[in-house]
Structures are given as C-alpha cells and as structure tokens.
Amino acid sequence: MKRKIFRGIFLTALLALITGLALVMGVVYNYYDRQMLEETWDKADYLAQGVERLGADYLAALHVEDRITFVDVDGTVLFDNQAQADGMENHGDREEIREALETGSGSSERTSRTLSEKTVYCALRLSDGRVLRVAYSQYTVLHLFWVTVLPVAGIAAVILLVTWLIAARIAKHTVQPINEINLADPDIDERYEELAPLVRRMKKQNRRIEEHMKELRRQQEEFQTVSDYMQEGLLLVNQKAEILSYNRCIREFFENEEELLGRSALLLNRSEIFREVMSGVLEGKHYTEILPLKGRTYELIANPVAEENGSGVRGAIVLLVDVTEREEREQMRREFTSNVSHELKTPLTSIYGMSDLMRNGLVKPEDIPGFASDIYKEAERMIRLVSDIMKLSKLEEQEQDAEPKPVDLFALAEEVKQELSYLAKEKEINLYLTGEHCTINGNENVLFELLYNLCDNGIRYNRPGGNVRISIEPEGERVRLTVADNGIGIPREHQGRVFERFYRVDKSHSSKMGGTGLGLSIVKHAAAYHHADVQLKSEENMGTTIIITF
Ligand code: ADP
C-alpha cells in the first residue's frame with residue numbers, strides 16, 4: 001500500500017511536471033510567434049509607405065536586420081537588401097507574393113532543412129501593383145526544445161527528487177496509522193476519521209472471530225470429552241503422519257505420558273506392523289490388523305481421509321480396539337474344541353477297537369466279559385465327559401434356569417457325602433463332615449456339583465486310609481466351605497493351572513481315576529456363579545485344602 005501511494009503521488013507529480021513544462025513552452029512560443037508576426041506586418045506597412053513616397057531608393061538607404069525584398073508586378077526581384085537582385089530568380093510563384101498580387105497582402109512561412117529555423121514572410125502590394133516583402137527568421141519549437149532541454153532536465157530532476165522525498169514521506173505518514181492499529185483491539189486516533197469505518201469493521205470482524213473461536217473450542221472440548229470416554233484409542237494424523245488429535249486411551253495403550261500433538265505418530269510404536277499400517281494408510285489403503293502391545297492384543301483399524309476434491313490423502317483416522325479378552329476367549333474356544341475332540345476320541349477309539357475284535361471273533365469267549373466291562377467303562381467315561389461339558393457350558397453361559405433360593409449348605413454336603421460313600425469305601429477313604437447349618441442364596445444343583453467335585457477329587461487323589469474333611473462354617477456375614485484331604489497333593493508348579501479346563505497334573509493317573517479334567521473348572525465356574533472366592537492350598541504328598549467363601 002505504501003508503495004502504491006508513493007507511486008501514485010510520484011507519477012502524478014511527474015505527469016504534472018511534463019504537461020506543465022510542455023504547456024508553458026507552447027504558450028510562450030505562441031505568444032512570441034504572434035508578437036513577431038505583428039511586428040513584421042507593422043514594419044512592412046511602414047516600409048510600404050516609405051517606398052510609396054520616396055521610391056525604391058528609400059529601401060537602399062535603410063539599415064535593418066530584417067530581409068526586405070521588392071518585387072515587380074511580374075515577379076522580377078527589383079531589390080533585396082541581403083542579395084544581388086539581378087541574380088535572383090523570379091518570385092512570382094512565391095506563395096506570399098502571389099497572394100499579395102491577388103489580394104493586396106500575403107504571408108507564408110518556410111522551415112529550414114534542419115528544422116531548427118523558420119522564416120516568416122509578410123508581403124504587401126503597393127498602389128502601383130509592385131510588392132514589398134519583409135521576412136524575419138526565428139528558431140522553431142524544436143530548436144527551442146533542444147536548446148532548453150538540459151536546463152529543463154536539471155530543474156525537472158530537482159523537482160523530481162523533491163517530489164520523490166515528499167511522496168515517500170506522505171506514503172509513510174498515510175500508512176503509519178493503519179500499521180499502528182492493534183489488530184486484537186483496534187482503535188484509532190480521532191484525527192484519522194477516514195479510518196473509523198475500517199476500524200469499526202475490524203471490531204465487528206474480531207467479535208465474529210471470537211465467537212467462532214469460542215464455538216470451535218466448545219466443539220473441540222466436546223469432542224475431546226466424548227473421545228476420552230471411548231473404550232477405544234482414537235488417533236487423527238495429517239498426511240505427514242503428525243498427530244492432530246488423540247484420546248486418553250491412546251496414551252494408556254502406548255503407555256505414553258508426553259504431549260503427543262504435532263509429533264509423529266510413528267514414534268508411538270516401532271513395530272513393523274504399526275509402521276506399515278501408518279505409511280500404507282497415508283497412501284490411501286484401509287487396514288484392520290492385530291497389534292500386540294505391552295502384553296495385550298489390539299485391533300488396529302486405519303482409514304485414510306481423502307482430500308475434498310479426491311485428489312489424494314489429507315490424513316488418516318486410526319482406531320485401536322482392545323481385543324485381548326476376545327482373542328483369549330477365541331483361543332480358549334479353539335483349545336476347548338480340540339481338547340473335547342481329543343478327549344472324546346480316546347474312549348471312542350478303544351470302544352471301536354474292542355468291539356471290532358469281538359465282531360470278528362478274535363476274542364476268546366472267556367475274555368469277552370473283560371472286554372465288555374472295558375467297553376462299559378469307556379462309554380461311562382464318555383457319558384461323564386459329555387455331561388461335564390454340558391454342565392460347564394451351562395455355567396459359562398450363566399444360563400441356570402432356576403431362580404436363586406436359600407440352600408442349606410450343610411444339608412447339601414450331607415447328601416454329597418452320602419452319594420460318595422460307596423466310592424470312599426471302595427478307595428478306603430474316611431469322609432468327615434463338620435460345622436453347622438448355614439444357608440446361602442443360590443442354585444442347589446450347581447452347589448451340589450461344586451461340593452461333589454471337590455469331595456470326589458479328595459477321595460480319588462488320595463491313598464487308602466486317607467481322610468477327606470468337609471466343613472461348613474459361618475464367617476461373619478459369609479459362609480466358608482472347606483474340603484481338605486491328606487492325599488497326594490498338587491505340586492506347586494501345577495497349582496495355578498488346575499482350574500483350567502482339561503488340565504490334569506498326571507494325565508494317565510487322572511484317566512485311570514475316571515477324571516475328565518473338568519471337575520475343578522466346574523468348581524471355579526460354580527463359585528463364580530455364586531460370587532464366591534476360591535482358595536487353594538496344597539502340598540505334594542501332604543494333601544490339598546480348597547476353601548470356598550460365599
Ligand atoms: P479331573 O477330572 O482330572 O480330576 P479336575 O479339574 O477335577 O480334573 O482336576 C484337575 C487336576 O488337578 C487333576 O487331574 C489332579 O491332577 C489335580 N487335583 C484336583 N484335585 C486334587 C486333589 N484333591 N488332590 C490332588 N490333586 C488334585
């Protein structure tokens with residue numbers, strides 16, 4: 001703007017200077033020209049009168065600077081004060097002479113070949129018909145221009161320099177108040193009233209910007225709050241993979257406490273998969289990948305954000321979903337299916353093999369009862385297994401039909417003791433029940449299964465003459481069930497895993513005992529169903545105690 005003002009002032013001054021000079025020169029030259037012409041006519045008039053009275057000799061006696069020519073009626077030059085008359089050619093065809101002969105007076109002008117001088121002729125016809133001509137020479141405008149060009153240029157240069165300085169000063173002073181306006185809080189000196197509308201508009205604009213900013217801040221906060229409540233990690237990056245926005249989960253998942261805005265997302269995780277996803281998504285590809293992170297498993301979903309005109313990618317939205325539980329469940333389901341198949345296949349193969357031998361008559365008649373007994377045992381094991389699986393899946397799905405109702409745990413334990421008395425006798429184990437009648441709210445069948453499995457294990461993983469002690473006791477508001485045996489115990493390294501499905505410390509021993517590997521799993525789920533705590537204490541060869549607190 002400063003430059004524009006300066007240029008405007010300077011060019012105007014320059015134009016004014018040139019036009020002014022040209023006009024002044026033209027006016028002066030014109031005035032001078034007219035003056036000279038008038039003077040020449042006066043001279044011609046005055047000389048004509050002299051010749052009329054005194055004859056042509058009068059001319060010869062004169063001493064004048066102007067050129068005087070006396071021409072006869074036929075154009076013959078009779079006298080010329082600056083040349084020899086008889087040597088001169090006929091002047092009858094000269095414009096001014098011709099005009100004077102015809103009308104009484106005539107004038108014309110002729111420019112020299114160099115264009116620097118012009119001669120003006122004024123001719124008058126005398127009473128006898130002859131013509132007197134007076135001529136004067138003067139410089140042309142062009143000559144005047146060339147003669148004056150240097151001093152005029154000097155003056156013009158001085159004027160231009162002064163104009164330059166003044167224009168620069170004016171431009172600076174004009175722009176200064178505008179430059180001094182405080183954009184955040186625009187106000188203006190009263191002296192510059194022309195700027196008042198601009199300032200008013202700026203204030204209005206500022207108010208509008210402020211309102212927009214407030215709205216944007218509100219939206220930003222709203223977005224941040226919403227995204228912070230998300231269970232997923234949310235990350236927005238620009239096309240250079242710089243972080244534009246992120247939520248609380250991103251920090252938690254990547255265990256990063258630093259401020260992440262503006263930093264490269266690639267620094268969050270150095271794994272190859274993360275890098276590949278980040279660079280690929282910014283090339284416009286979609287990704288759904290599994291990303292292991294600090295012991296947990298995440299699903300990494302990355303979507304590119306296209307430019308509005310669709311010409312490229314302006315950034316990406318990355319979502320991180322914690323799928324650890326889902327993956328674990330999936331893994332467990334896979335293991336469970338494979339375990340079930342395996343567990344079912346073993347007795348089925350035996351049954352198949354033995355029945356095949358019998359079918360083909362390869363078994364001696366006296367061995368048939370033994371074979372039949374084995375087939376019976378294997379089938380029984382299969383039934384137990386299927387039944388355990390069904391119980392477990394019911395417990396897992398939490399789909400117990402019956403409404404919880406008060407159950408006397410002591411009475412239930414008596415029932416279990418009764419049920420297992422045959423097995424205990426067979427294994428030479430002493431079963432004891434102590435404590436008192438305690439009632440809890442729950443599902444009787446599930447509690448029966450829990451008690452049964454604990455006591456069953458106590459009997460089976462024991463030695464002849466061993467004991468299994470069941471006790472039911474109140475513990476403040478709660479009820480404590482303890483099943484303790486002095487059997488073979490569980491080695492320390494296996495204690496953490498015995499509640500897993502199909503986990504057995506000694507597989508062959510467990511199978512021999514008719515175990516399915518699901519007993520303690522059922523116990524765990526049954527306890528969870530009743531919101532009870534499970535505690536296991538065991539020592540190899542000393543015995544096992546399991547405490548369930550309802
Ligand atoms: P199983 O049907 O094989 O008994 P469980 O889930 O009931 O399966 O038990 C898992 C494993 O834990 C058993 O195979 C056994 O090795 C061990 N176990 C369970 N209870 C006892 C116990 N009272 N004494 C010693 N070992 C036990």
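Whatever order the structure lists ligands and atoms in, that order sets their numbers, starting from 1. Quick note: residue numbers are just sequence positions, from 1.
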**Q.** Sub-4.0 Å atoms of ligand 1 with respect to non-hydrogen atoms of Val498
**A.** 6 (O), 10 (C), 12 (O)
Q: Provide the number and element of each atom of ligand 1 under 4.0 Å from a heavy atom of Tyr503.
A: 10 (C), 11 (C)
Q.
For a quick check under 3.5 Å, do Gln495 and Arg492 share a side-chain donor-acceptor pair by atom type?
A. no
Q) Can a donor-acceptor pair be found between the side chains of Glu242 and Asn238 at a distance below 3.5 Å? A) yes
**Q.** Note: Lys524-Glu500 ion pair, threshold 4.0 Å (strictly below)
**A.** no
Q.
Using only atom types and a distance under 3.5 Å, with no angle test, would you say the side chain of Arg251 pairs donor to acceptor with the backbone of Glu258?
A. yes
Counting only heavy atoms, tell me which of [options] gets closest to [atom].
| atom | options | result |
| --- | --- | --- |
| atom 19 (C) of ligand 1 | Asn462, Ile522, Asn457 | Asn457 |
| atom 2 (O) of ligand 1 | Thr516, Val523, Leu385 | Thr516 |
| atom 24 (N) of ligand 1 | Ile459, Thr544, Thr545, Ile488 | Thr544 |
| atom 1 (P) of ligand 1 | Gly543, Gly517, Gly458, Ser538 | Gly517 |

For residues 197-209, please give each side-chain donor-acceptor pair under 3.5 Å, one per line with the distance, not counting sequence neighbours.
{"residue": "Asn206", "atom": "ND2", "partner": "Leu183", "partner atom": "O", "Å": "2.7"}
{"residue": "Asn206", "atom": "ND2", "partner": "Ala184", "partner atom": "O", "Å": "3.1"}

Q | side-chain contact (heavy atoms from CB on, under 4.5 Å) partners for Val363, two or more places apart | A | Leu357, Met358, Asp367, Ile368, Phe371
Among the heavy atoms of [X], does any lie under 4.0 Å from an atom of ligand 1?
| X | result |
| --- | --- |
| Arg501 | no |
| Gly489 | yes |
| Asn453 | no |

Q: Would you please classify the geometry between the Phe10 ring and the Trp164 ring as parallel, tilted or perpendicular, with 30° and 60° separating the classes?
A: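 If you compare the ring of Trp164 with that of Phe10, the planes turn out perpendicular.
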Q) Should the ring pair Phe550 and His530 be called parallel, tilted or perpendicular, given that the plane angle runs from 0 to 90° and is split at 30 and 60? A) perpendicular
Q: Quick one: look at His494 and ligand 1, take heavy-atom pairs under 4.0 Å, and tell me if it's side chain, backbone, both or neither.
A: neither
Q: May I ask you to check whether Asp485 has an N/O atom sitting below 3.5 Å from an N/O atom of ligand 1?
A: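 N/O-N/O distance under 3.5 Å: yes.
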**Q.** Geometric N/O contact Ile490 with ligand 1, under 3.5 angstrom
**A.**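 It does not: no N or O of Ile490 is found under 3.5 Å from an N or O of ligand 1.
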